[in-house]
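Below: one structure, written as structure tokens.
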Amino acid sequence: MKKKLLSVLLTGAMAASMFVGCGTSTETTDNAAPAAEGEATESTTTAGGTKVGVAMPTKDLQRWNQDGANMQKELEAAGYEVDLQYASNDTQTQVSQIENMINSGCNVLVVAAIEASSLGEAMDMAASANIPVIAYDRLIMNTDAVSYYATFDNYKVGTVQGQYIIDQLDLENTDKTFTMEITAGDPGDNNAGFFYNGAMDLLKPYIEKGTIVVKSGQTEFQDVATAAWATETAQSRMENILSSYYADGTDLDICLCSNDSTALGVENALAANYNGKYPIVTGQDCDIENTKNMIAGKQSMSVFKDTRTLASQVVKMVGQILNGEEVDVNDTTTYDNNNGVVPSFLCDPVFADVNNYKEILIDSGYYTEDQLQ
Ligand code: BGC
């Protein structure tokens, strides 16, 4: 890996000088055509006219809009040109966008993959062009083209959710029994397993003891996963569970949801199909709708991942790579993409609920008060 990185750095720097001024800074919407090679540029071309391609999965989910906007702002402030693309959650679109970024002279790629294992062709192309790739938030699997990975501590996100449930219900000291249903993320997203395992490693002992009962019997990751993290899919699955297992008046005490888009689906299902005592509902991301639901008492907690922190870290990595400096990482053991461990920087996720959202979301300038009305 080390040897490869060195050659990447050298040729990356060569590529940087070769492609001076040949790109254009674009922010496209989903499906918009990427800028053509050699198109006239109006953007600033400091930092040696270096261009960074940023491939984001979708505009449908709030967090990726914020991630993209933050990356663009920070990269441009550092003097880079930026080619920012969103792929409507369509893997083939993302592959073409990355290929276009390579063809149009991007010097570094930052990629938040839609599907961890489906970027093979594009990654091969980046590797043969010696263009360094930073996996953004989601690890790209089965390739040696990824030089670095920057994300949040994904396992910790799950433990924050699991520990919250344990503390709220005082599971260590209770002799009561609580019902729980689990909604996890997209099986094509390497993060989803980390979130699920982080929470389940803490909660499984209580399921084994009988303190927690999963009435549907659906506890394995593949049974509780939600394709594409879709709100509608999580909602219809929860509607089925509620009508099959809780229509007899049994209370549902806990809804362990891996993130906010799935939590929203569960909350919609509860609103339409459930009259019992309102359960604990977990989430992740502090999306606006979910934060509103926390304020309204329909979601118990979320996990705040400040996309500004991640963007800054990645911009720092881009600079370090291009300048041939040592790249900041803080984890060299956890994230193996089946071709070896990818050196990673893990940012810290933060617990959020109705008691601290003002401080972490409003006082920090992440949202305005109006956005949460
Ligand atoms: C991210 C989460 C996000 C989910 C759905 C995951 O890879 O880490 O923050 O909620 O994708 O977009």
Side-chain angles (χ1 to χ4, degrees), residues 30 55-68 70-71 86-91 94 110-119 134-141 146 149-161 183-199 221 224-235 256-267 281-291 293-294 299 301-311 313-314 334-335 337 342 344-352 361 366:
D30 282 18
M56 289 283 143
T58 174
K59 286 200 150 197
D60 288 351
L61 231 76
Q62 189 194 325
R63 73 151 291 182
W64 301 114
N65 291 288
Q66 269 158 299
D67 285 276
N70 285 331
M71 285 293 299
Y86 288 87
S88 299
N89 256 342
D90 180 65
T91 300
Q94 188 165 58
V110 176
V111 179
I114 293 165
E115 226 281 329
S117 305
S118 303
L119 293 180
I134 300 174
Y136 185 94
D137 197 61
R138 297 170 169 177
L139 187 57
I140 304 167
M141 304 300 285
V146 180
Y149 179 37
T151 187
F152 289 84
D153 186 335
N154 294 306
Y155 185 82
K156 185 171 172 190
V157 169
T159 64
V160 170
Q161 296 167 338
T183 307
D186 183 354
D189 179 348
N190 188 57
N191 291 351
F194 279 87
F195 303 143
Y196 169 87
N197 287 329
F221 178 75
V224 301
T226 310
W229 297 93
T231 298
E232 302 69 30
T233 308
Q235 178 169 343
L256 170 66
C257 301
S258 283
N259 85 330
D260 278 356
S261 62
T262 54
L264 201 58
V266 165
E267 287 150 24
V281 181
T282 68
Q284 161 184 206
D285 292 332
C286 290
D287 282 349
I288 289 184
E289 278 316 302
N290 298 74
T291 307
N293 275 358
M294 286 204 294
Q299 180 167 322
M301 58 84 74
S302 190
V303 180
F304 179 48
K305 305 198 301 188
D306 194 331
T307 49
R308 296 168 299 190
T309 315
L310 184 59
Q313 192 58 41
V314 172
T334 309
Y335 288 97
N337 77 345
V342 180
S344 307
F345 191 96
L346 310 186
C347 303
D348 212 24
V350 174
F351 169 82
L361 298 176
Y366 201 75

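Both counts, for ligands and for their atoms, begin at 1 and track the order of listing. For clarity, every value in this text was computed on a predicted model and none was experimentally measured.
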Could you walk me through whether Phe152 and Phe194 pass the ring-ring contact (aromatic ring centres under 6.0 Å, His included) check?
CA-CA 11 Å; Phe152 289 84; Phe194 279 87; over 10 Å; no
Check: Ser258 main-chain N/O paired with Gln284 side-chain donor or acceptor under 3.5 Å
yes
Where is the nearest protein heavy atom to atom 1 (C) of ligand 1: which residue, which atom, and how far?
Asp137 OD2, 3.2 Å
Do the side-chain N and O atoms of Asp189 and Trp229 include a donor-acceptor pair separated by under 3.5 angstrom?
yes
Which protein heavy atom lies closest to atom 11 (O) of ligand 1, and at what distance to 0.1 Å?
Arg138 NH2, 2.8 Å
Before accepting this row, confirm whether a basic side-chain N of the pair Asp137/Arg63 lies closer than 4.0 Å to the acidic partner's carboxylate O.
yes
Test of proximity, Asn154 against ligand 1: N or O pairs below 3.5 Å
no
Identify the closest protein heavy atom to atom 3 (C) of ligand 1: which residue and atom is it, and at what distance?
Asp285 OD2, 3.4 Å
Heavy-atom nearest pair, Thr231 first then Ser261, reads OG1-O, 2.8 Å
Less than 4.5 Å apart, side chain to side chain, heavy atoms only: is that true for Asn290 and Leu264?
yes
For Asp260 and Cys286, work out which heavy atoms get closest and say how close.
OD2-N, 2.8 Å
Provide the number and element of each atom of ligand 1 under 4.0 Å from a heavy atom of Trp64.
11 (O), 12 (O)
Are any of the heavy atoms in Phe152 under 4.0 Å away from ligand 1?
no
For Leu61, the ligand 1 atoms whose distance to one of its heavy atoms is below 4.0 Å
5 (C), 12 (O)
Given that the side chain starts at C-beta and the backbone is N, CA, C, O, which of these parts of Phe195 lies under 4.0 Å from ligand 1, counting heavy atoms, or is it both or neither?
side chain
Within a distance under 4.0 Å of any heavy atom of Lys305, pick out the atoms of ligand 1 and give their elements.
1 (C), 2 (C), 8 (O), 9 (O)
At less than 4.0 angstrom from any non-hydrogen atom of Asn259, what atoms of ligand 1 do you find?
3 (C), 4 (C), 5 (C), 10 (O)
Across all chains, not counting sequence neighbours, the salt bridge (Lys or Arg N to Asp or Glu O under 4.0 Å) partners of Asp153 are none
Counting non-hydrogen protein atoms only, what is the nearest one to atom 4 (C) of ligand 1? Give residue, atom name and distance.
Trp229 CE2, 3.5 Å
Identify, for atom 7 (O) of ligand 1, the protein heavy atom at the shortest distance, and state residue, atom and that distance.
Asp189 OD2, 2.5 Å
